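What follows is a single structure, written as structure tokens, with notes after it.
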Amino acid sequence: MSSIAENVKSIKQRVAEAAVRSGRAPEDVRLCAATKMNDASRVREAIAAGVDICGENRVQELTEKFEQGAYEGCPLHFIGHLQKNKVKNIVGKVELIHSVDSVSLAQEINRRAAALGITQDILLEVNIGAEENKSGFAPDELANALDEIAQFSSVRVLGLMAIPPICEISENNRVYFRRMKQLFIDIGQKKYDNVCMLLLSMGMSADYEVAVEEGASLVRVGTGIFGARNYK
Ligand SMILES: *Cc1c(COP(=O)(O)O)cnc(C)c1O
């Protein structure tokens, strides 16, 4: 077995065990491979090994690999920071955009989706660690943002996403994952048009097990699957 296949197998096992520890079924949590900087053949290997989703960070990289057929047979998500002028290259190509961090970005996605006659599913990114250089809504901005985004009839908000502060010890991020789960529950109890709190995207290579224990339904794992990225 290739190392990618071995890694996927062991991560899926750990995700499944963490799901059971959180009182859920293994299939309630999906593994999204964070494929940035991995070429089409490595992406295909991960798909063959059984990842549920491919998540791409950069529009240009996604477009190139898309044209190479890298994601065939696998749902594709966009997980990175998205600039408004690149929205047109993404809408309709991806099943879910995890990283919507402003009302104006949601509005642009809505505009492009409406032009295509589709509904684009999105998550709202929350800056749960209140980090200055990180994008995402502050928790107390979410209610107002949802009031506005609920009016965009060609986007549907399916949940929340977060990237907590980088940590050495995964246990230290448990508090952030818990806060995300609470926000998710609180929003889910309100009634907004075009909003349905189904998905909680949190947890990466270093902390996905803790994230799943605290309620993640999508984990985004890169290095754990592919090994260290080679930033040139
Ligand atoms: C790269 C990336 C990940 C995966 O990070 P790893 O630490 O390599 O698992 C997850 N989410 C986003 C948004 C990313 O950009």
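This one's a predicted model, so the numbers in the text were calculated from it and none came from an experiment. The chain is numbered in sequence order, starting from 1. We count ligands from 1, going down the list as the structure has it; atoms in each ligand are counted the same way.
Side chain to side chain, Ser154 and Thr119 fail the donor-acceptor criterion of an N or O pair below 3.5 Å. Side-chain polar atoms of Lys65 and Gln68 form no donor-acceptor pair below 3.5 angstrom.
Contact atoms of ligand 1 toward Gly222: 4 (C), 6 (P), 8 (O), 9 (O) (distance under 4.0 Å to a heavy atom of the residue). For ligand 1 and Thr223, the ligand atoms under 4.0 Å from any heavy atom of the residue are 6 (P), 7 (O), 8 (O), 9 (O). Ligand 1 places these atoms under 4.0 Å from at least one heavy atom of Val221: 9 (O).
Contact annotation: for Ser205 versus ligand 1, heavy atoms closer than 4.0 Å belong to both the backbone and the side chain. Contacts with ligand 1 closer than 4.0 Å are made by side-chain heavy atoms of Asn57 only, the backbone lying farther away.
The ring pair (Phe, Tyr, Trp, His ring centres under 6.0 Å) contacts involving residues 84-124 comprise His77-His98, where partners must be two or more places apart or lie in separate chains.
Nearest-heavy-atom check against atom 1 (C) of ligand 1 across His98, His81, Met161, Lys36 picks out Lys36.
Of all non-hydrogen atoms in Cys54 and Tyr71, the two that sit nearest each other are CB-CD2, 3.8 Å.
Leu158 and Leu142 sit in two unconnected hydrophobic clusters of ILVMFWY residues. Membership requires side-chain heavy atoms under 4.5 Å apart, directly or through other members.
For Arg178, the salt bridge (charged side-chain N to carboxylate O under 4.0 Å, His left out) partners two or more places apart in sequence, or in a different chain, are Glu214.
Heavy atoms of Arg229 come nearer than 4.0 angstrom to ligand 1 in at least one pair.
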